[in-house]
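For this chain, numbers begin at 1 and follow the sequence in order.
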Amino acid sequence: MKFFFSILFMLALLASCKPKDSSDQKDSISTSELSTDAKTLEAEVMKVHDEVMPKMSDIQHLTMQLRDRKTKAPMAESGKPDYPAAVDMNLTNLKEAEIAMMDWMKEYSDRFSKIAPDSTVQFLQQELVKINDVKTTMLSSIEEASAWLTTNPATK
């Protein structure tokens with residue numbers, strides 16, 4: 001059941017990345033209105049987004065592996081599962097990375113269609129910084145969780 005919801009979540013996420021129909025963008029800036037600098041910046045922003053968006057599935061996969069470690073952890077004398085604190089730390093970092101991407105996509109989508117043409121370049125410059133921060137957060141959380149799982153193999 002969790003797998004089904006994960007797949008459903010990923011499909012919804014991918015669908016949210018599709019460009020809107022022109023009928024949905026009545027107030028948005030047309031591509032011809034964007035300056036060359038703005039077009040280049042928008043392409044850079046979307047290039048970074050498109051580069052890291054597929055990593056969302058890595059986050060989901062690592063999250064499932066870490067949760068599996070928690071559920072299969074042996075019980076301590078206290079009656080609570082005995083698993084390393086690094087499991088929770090990695091789960092938190094992965095969740096924060098996932099939320100960072102979701103929040104960025106929503107904010108970008110909501111704001112881009114409403115910006116004034118004279119503010120486009122400044123907006124896209126800010127968004128490029130933000131999406132690069134999201135990229136860094138995602139890649140580092142994936143790398144840390146993967147490294148921990150590799151150096152701490154599951155016991156059977």
Side-chain angles (χ1 to χ4, degrees), residues 1-70 83-152:
M1 191 69 162
K2 287 181 185 179
F3 181 74
F4 173 74
F5 285 116
S6 294
I7 297 297
L8 186 62
F9 170 76
M10 292 306 294
L11 289 174
L13 189 63
L14 290 173
S16 70
C17 292
K18 286 184 178 179
K20 295 179 181 177
D21 293 344
S22 59
S23 61
D24 293 339
Q25 296 181 342
K26 294 175 185 165
D27 297 328
S28 70
I29 300 166
S30 73
T31 317
S32 61
E33 293 175 21
L34 294 177
S35 71
T36 304
D37 289 340
K39 286 181 185 178
T40 302
L41 279 168
E42 183 181 14
E44 287 179 43
V45 168
M46 294 316 297
K47 179 181 176 187
V48 175
H49 167 270
D50 293 347
E51 177 186 333
V52 293
M53 187 62 196
K55 301 287 185 189
M56 293 292 279
S57 63
D58 294 346
I59 288 174
Q60 289 295 315
H61 181 71
L62 290 166
T63 298
M64 286 190 297
Q65 287 180 339
L66 289 164
R67 285 183 180 153
D68 187 53
R69 293 283 180 92
K70 280 180 79 166
Y83 58 88
V87 172
D88 284 333
M89 180 194 70
N90 281 299
L91 283 168
T92 298
N93 291 344
L94 290 167
K95 186 66 174 173
E96 287 174 357
E98 180 180 46
I99 289 170
M101 175 58 99
M102 299 295 287
D103 288 351
W104 179 84
M105 288 189 311
K106 177 156 179 27
E107 183 180 323
Y108 180 84
S109 175
D110 290 349
R111 291 186 58 216
F112 187 68
S113 63
K114 297 173 185 168
I115 58 172
D118 60 340
S119 302
T120 305
V121 170
Q122 180 183 9
F123 170 78
L124 290 169
Q125 288 169 337
Q126 293 169 348
E127 292 307 303
L128 186 57
V129 170
K130 289 178 187 178
I131 192 61
N132 275 311
D133 288 345
V134 169
K135 175 183 176 179
T136 300
T137 300
M138 288 179 67
L139 294 179
S140 66
S141 67
I142 289 168
E143 183 179 323
E144 289 171 15
S146 294
W148 187 87
L149 286 164
T150 301
T151 57
N152 297 280

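Listed by first and then second residue, the salt bridge (Lys or Arg N to Asp or Glu O under 4.0 Å) pairs involving residues 87-97 are Lys70-Asp88, Lys95-Glu98 (not counting sequence neighbours).
The ring-ring contact (aromatic ring centres under 6.0 Å, His included) test applied to Trp148 returns no partner, not counting sequence neighbours. Glu51 is linked by a side-chain hydrogen bond (donor to acceptor under 3.5 Å, both in side chains) to Lys135, counting only residues two or more places apart in sequence or in another chain.
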Start with the C-alpha gap between Tyr108 and Val45, add the side-chain angles, then the distance that decides, and say whether side chain to side chain contact (heavy atoms under 4.5 Å, CB included) holds. CA-CA 10 Å; Tyr108 180 84; Val45 168; 4.0 Å; yes
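Remark: the backbone N or O of Asn152 is paired with a side-chain donor or acceptor of Arg69 at under 3.5 angstrom. A donor-acceptor pair is defined here as one N or O able to donate and one able to accept, closer than 3.5 Å; no such pair exists between the side chain of Ser109 and the backbone of Met105.
A salt bridge between Lys106 and Asp110 is present, with a side-chain N of the basic residue lying under 4.0 Å from a carboxylate O of the acidic one. A salt bridge does not link Lys47 with Glu44: every distance from a Lys NZ or Arg NE/NH1/NH2 to an Asp or Glu carboxylate oxygen is 4.0 Å or more.
For the side chain to side chain contact (heavy atoms under 4.5 Å, CB included) criterion with Ser146, the lone passing option out of Asn90, Leu62, Asp58 is Leu62.
Considering all non-hydrogen atoms of both residues, Thr120 and Ala38 come closest at CG2-CB, 3.7 Å.
Atom CD of residue Glu42 and atom CG of residue Leu128 lie 12.0 Å apart, to the nearest 0.5 angstrom.
For the pair Leu94 and Met138, the minimum side-chain heavy-atom distance is 4.5 Å or more.
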